[in-house]
Amino acid sequence: MPFRSLALCFALLLTGAAPAQEPAVHFDGEFAKPSSFDRAALAKLPRTTIEASDHGKPGNWQGVAVDELLKQAGAPLGDALRGGKLASYLVVGAADGYRVVFSLAEFDAAFGATRAILADTRDGKPLDAHEGPFRLVVPDEKRPGRWVRQVERIELRSAPAQHSK
Ligand SMILES: Nc1nc2c(c(=O)[nH]1)N[C@H]1C(S)=C(S)[C@@H](COP(=O)(O)O)O[C@H]1N2
Ligand SMILES: [Mo]
């Protein structure tokens, strides 16, 4: 190990500091390619801008469309979203433990086609610590209950089988 790396290791051991971890949103569960997206990863993907108000205050939100992220993580969308896959749902979880559910089909262009982005920017500025760094923006809903702040994790699950009679 080169001396400088060794010295860094000792410094970390002495201070008890862990190498800084970039905040990221983790896509896990039944994705074909479980993935994490930090600010840099989101910057490289196609960006979507949405005009939407919260608390009556207009905002210009920018981020990556949720269906784009789902495709990146290998969710069964498009032709793959049929039959039993229509029992798939997403749990969006936040740093404060808040959770909401969407069906996978809500985001698919051939089903709900819900407009939603994982926003990292509002009016050209990174989201503050209360909202961000990542927030779901779902502009066409009548209430903002699913505009999850401080998103940390998006899990893909399949609803359990129902009991037959
Ligand atoms: N992480 C997190 N996101 C959340 C909530 C929450 O409690 N925690 N509340 C939701 C509800 S019920 C509403 S109405 C909006 C409120 O948005 P605001 O906190 O920007 O006012 O955030 C939604 N997102
Ligand atoms: Mo709410």
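The chain is numbered in sequence order, starting from 1. Indexing begins at 1, ligand by ligand and atom by atom, following the structure's order.
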Q) What protein heavy atom sits nearest atom 8 (N) of ligand 1, and how far off is it? A) D96 OD2, 2.8 Å
Q. Could you walk me through whether R149 and D54 pass the salt bridge (charged side-chain N to carboxylate O under 4.0 Å, His left out) check?
A. CA-CA 12 Å; R149 293 185 264 98; D54 76 328; over 6 Å; no
Q. In the protein, which heavy atom is nearest to atom 11 (C) of ligand 1, and how far is it?
A. G145 CA, 3.7 Å
Q. Atom 3 (N) of ligand 1: which protein heavy atom is closest, and how many Å away?
A. R149 N, 3.0 Å
Q: Heavy-atom distances under 4.0 Å are what count here, so tell me which part of A94 touches ligand 1: side chain, backbone, both or neither.
A: side chain
Q | Partner of Y98 under side chain to side chain contact (heavy atoms under 4.5 Å, CB included), chosen from V151, V92, V148 | A | V148
Q. If you measure from each non-hydrogen atom of Q150 to ligand 1, which part falls under 4.0 Å: side chain, backbone, both or neither?
A. neither
Q.
If we set the cut-off at 4.0 Å for heavy atoms, which region of W147 has an atom near ligand 1: side chain, backbone, both, or neither?
A. backbone
Q: Using a 4.5 Å cut-off on heavy atoms from C-beta on, say whether the side chain of L42 contacts that of L69.
A: yes
Q: Over all heavy atoms of both residues, which pair between P126 and R39 is shortest? Give the atoms and the distance, please.
A: CB-NH2, 3.4 Å
Q) If you count the atoms of ligand 1 from 1 in the order shown, which ones are under 4.0 Å from a heavy atom of V148? A) 3 (N), 24 (N)
Q) Which of the listed options, H130, K57, R99, R135, holds the heavy atom that is closest to atom 16 (C) of ligand 1? A) R135
Q. Side chains of L136 and L118: does their closest heavy-atom pair fall under 4.5 Å?
A. yes
(Q) Salt bridge check, D108 against R82: does any charged N sit closer than 4.0 Å to a carboxylate O? (A) no
**Q.** Closest approach of any protein heavy atom to atom 10 (C) of ligand 1, naming residue and atom
**A.** Y98 OH, 3.4 Å
**Q.** pair Q72-V64: side-chain heavy atoms closer than 4.5 Å
**A.** no
Q | Protein heavy atom at shortest distance from atom 14 (S) of ligand 1 | A | P144 CG, 3.6 Å
Q. Could an N or O of ligand 1 be found under 3.5 Å from any N or O of E131, whether backbone or side chain?
A. no
Q: Could you label the plane-to-plane angle of the F107 and F102 rings as parallel, tilted or perpendicular, counting under 30° as parallel and over 60° as perpendicular?
A: tilted
(Q) Any heavy atom of H55 closer to ligand 1 than 4.0 angstrom? (A) yes
